[in-house]
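What's counted below: heavy atoms across the whole structure, side chains too, no hydrogens, waters or symmetry copies. Note that the structure is a prediction, hence the values are computed from the model and not measured. Letters go in sequence order (proteins before strands), and every chain restarts at 1.
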2 protein chains.
Amino acid sequence: MPSDAIRAALIERLRVSSAIADEDISEIEALPISVRQFSAETAVVRDGERATDCCLIVEGFCARSKTIASGKRQILSLHIPGEIPDLMSLFLPVMDHDLSTLTPATLGFISHDTLRKLHRRRPVVAEMFWRDTLIDAAMFREWIVNVGLRPAPARLAHVMIELRERLRVIGRVEGASFEMPLTQEQIGEALGITAVHANRVIRQLREEGIVELHRGRVNVLDEPKFLQLADFDRRSLHQSPTL
Amino acid sequence: MPSDAIRAALIERLRVSSAIADEDISEIEALPISVRQFSAETAVVRDGERATDCCLIVEGFCARSKTIASGKRQILSLHIPGEIPDLMSLFLPVMDHDLSTLTPATLGFISHDTLRKLHRRRPVVAEMFWRDTLIDAAMFREWIVNVGLRPAPARLAHVMIELRERLRVIGRVEGASFEMPLTQEQIGEALGITAVHANRVIRQLREEGIVELHRGRVNVLDEPKFLQLADFDRRSLHQSPTL
DNA sequence: GCCCGGTTCCAACAAAAGTTAAGGACGCGG
DNA sequence: CCGCGTCCTTAACTTTTGTTGGAACCGGGC
């Protein structure tokens with residue numbers, strides 16, 4: 001894979017959320033990145049570990065999660081190519097959650113040292129990455145609301161639309177359909193419900209002709225109903241530098 | 001109120017979570033802060049507004065929350081003296097949630113401009129504040145887990161202990177008792193349950209002799225049971241510079 | 001082609017949480 | 001000291017979600 005293809009999605013995404021100068025782009029293009037392949041369902045960094053690198057998703061899907069004493073797992077966020085899901089480890093190096101792949105994935109690792117040096121050289125880039133971690137936090141706020149006060153069908157629709165709108169930025173939505181490679185077990189973990197209930201909810205949305213989910217792919221049947229059910233606020237994605 | 005008293009809690013808290021040099025402390029002590037009084041239950045910044053200052057809590061309790069279309073409200077976090085709950089507005093100036101007081105409060109406002117200039121002058125301070133916003137995000141992750149997969153009694157115990165351990169740092173825990181000035185309605189909004197159910201849960205914990213809650217004050221009756229129920233992991237508070 | 005493991009799907013029952021409604025305690029202002 | 005409003009409290013009932021257990025499906029490896 002050519003070097004710029006590795007960085008393409010990242011830069012595309014940063015452009016969408018921050019105003020960014022050409023010189024800063026060249027700095028990012030010059031960043032040394034070491035690329036590794038991961039298979040599906042593999043831990044990248046674990047809760048409690050001390051991270052020394054940040055991880056750029058080049059290809060594939062990842063998720064962050066926490067496991068509590070009872071053994072139950074909560075998925076905190078889903079991640080797609082161009083994102084750096086553990087940027088927070090730069091200044092909070094001991095992980096308080098797991099980062100793992102959902103699908104086979106290509107990941108690029110950038111060392112904390114490199115990033116810190118870049119920040120000292122270019123404060124504007126630091127602010128851009130800072131902003132990126134703040135958007136990450138904003139999505140957690142949204143996730144709290146989703147899990148805390150929406151009924152299960154709305155939760156599912158909301159996570160689907162959030163994912164879709166992020167996939168759209170990197171050109172991965174095909175008409176009414178897009179990828180969401182989670183098992184029903186994992187969907188339950190994301191929504192704070194059991195896998196059985198996740199199955200009920202998926203069936204219900206299918207029977208109501210709103211959306212169907214088959215083999216890790218979402219197919220929207222009735223967009224207006226879908227949007228209304230999800231109660232989605234586009235602002236929460238912070239996909240605009242002016243906000 | 002003398003100027004250093006305003007900054008005391010902030011510096012105390014920063015010391016706990018980051019290693020911090022004396023020169024940087026003097027910079028923070030020199031920060032121009034304009035102080036204002038707020039009564040209880042008042043909005044400080046609203047969802048959708050553009051912030052131009054960050055807000056330091058000098059005295060009193062605050063909460064951040066989001067309200068969805070159906071009118072239901074989710075509390076995202078509780079805040080105590082020494083914290084800057086809207087630090088995120090520095091690089092995400094359009095608020096995506098509300099910040100409001102729970103009790104009468106004294107708040108100090110620091111302009112974004114001032115903070116940005118300080119950051120350019122002292123990158124280490126910038127990194128310290130960045131770290132602060134990352135800890136904020138870490139607490140959101142913990143909140144997701146709480147709301148997503150713990151049963152209601154454990155949720156309540158968990159929020160209580162999280163609050164207590166933060167109050168402890170600023171010397172506000174008296175033996176087995178500490179302040180938690182929320183109505184049962186607000187407790188419900190924090191836990192993602194109804195006020196009626198919040199009442200049921202509070203009663204249950206009282207009847208089991210674990211903890212009682214009366215007029216905004218928590219009184220722990222059985223500490224071991226309380227800790228076990230809450231399933232609390234001290235690491236999530238990030239109260240150590242080495243982590 | 002066929003077995004095997006993981007998913008998906010489903011039904012019956014149990015538990016947790018939401019809803020509605022109403023009385024009681026308490027603090028504040030007249 | 002009384003009246004009013006807010007919060008707390010409780011009960012009865014409904015709905016949502018969890019639990020258990022099992023059958024059908026599907027893809028990959030032998």
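Spacing between atom CZ of A:R203 and atom C1' of C:dT8 amounts to 11 Å, rounded to whole angstrom units. Atom NE2 in B:H197 sits about 16 Å away from atom P in D:dC8, given to the nearest Å. One atom, CD of A:E189, and another, P of D:dT17, lie 18 Å apart when rounded to the nearest Å. For B:R217 and C:dC26, the CZ to P distance is 18 Å, given to the nearest whole Å. Here C:dC26 presents its C1' atom at 10 Å from NE2 of B:H214, a figure rounded to the nearest Å. Rounded to whole angstrom, the span from the CZ atom of A:R206 across to the P atom of C:dT8 amounts to 11 Å. Atom-to-atom, CD of B:E212 to C1' of D:dT9 comes out at 16 Å; the value is rounded to the nearest Å. To the nearest angstrom, P of C:dA16 lies 16 Å from CG of B:L191.
Contacts of A:A152 with the nucleic acid, taken as non-hydrogen atoms under 4.0 Å apart, involve only primed sugar atoms and P, OP1 or OP2. Among the protein residues, B:G192 comes within range of the sugar-phosphate backbone only, with heavy atoms under 4.0 Å from sugar or phosphate atoms but none that close to a base. Across all strands, A:T183 comes closer than 4.0 Å only to sugar-phosphate atoms, never to a base (heavy-atom distances).
Comparing D:dG27, C:dC10, C:dT19 by their nearest atom to the side chain of A:R215 picks out D:dG27. The side chain of A:Q184 sits closest to C:dT8 out of D:dT17, C:dT8, C:dT19.
Checking the phosphate oxygens (OP1, OP2) of C:dT8, no side-chain nitrogen or oxygen of A:N199 falls inside 4.0 Å.
A salt bridge links A:D132 with A:R13; the closest basic N to acidic carboxylate O contact falls under 4.0 Å. A salt bridge does not link B:E189 to B:K72: none of the charged side-chain nitrogens sits closer than 4.0 Å to a carboxylate oxygen.
No donor-acceptor pair closer than 3.5 Å links the side chain of B:R150 to the backbone N or O of B:R155. B:K66 contributes a side-chain N or O that, together with a main-chain N or O of B:D96, makes up a donor-acceptor pair within less than 3.5 Å.
If you find the closest nucleotide of DNA chain D to B:E185 and to B:R200, the one lying nearer the 5' end belongs to B:E185. Toward the 5′ end of DNA chain C lies the nearest nucleotide of A:I202, the other residue of the pair A:I202 and B:R150 mapping further downstream.
Between the side chains of A:E59 and A:Q37, no donor-acceptor pair of N or O atoms lies under 3.5 Å.
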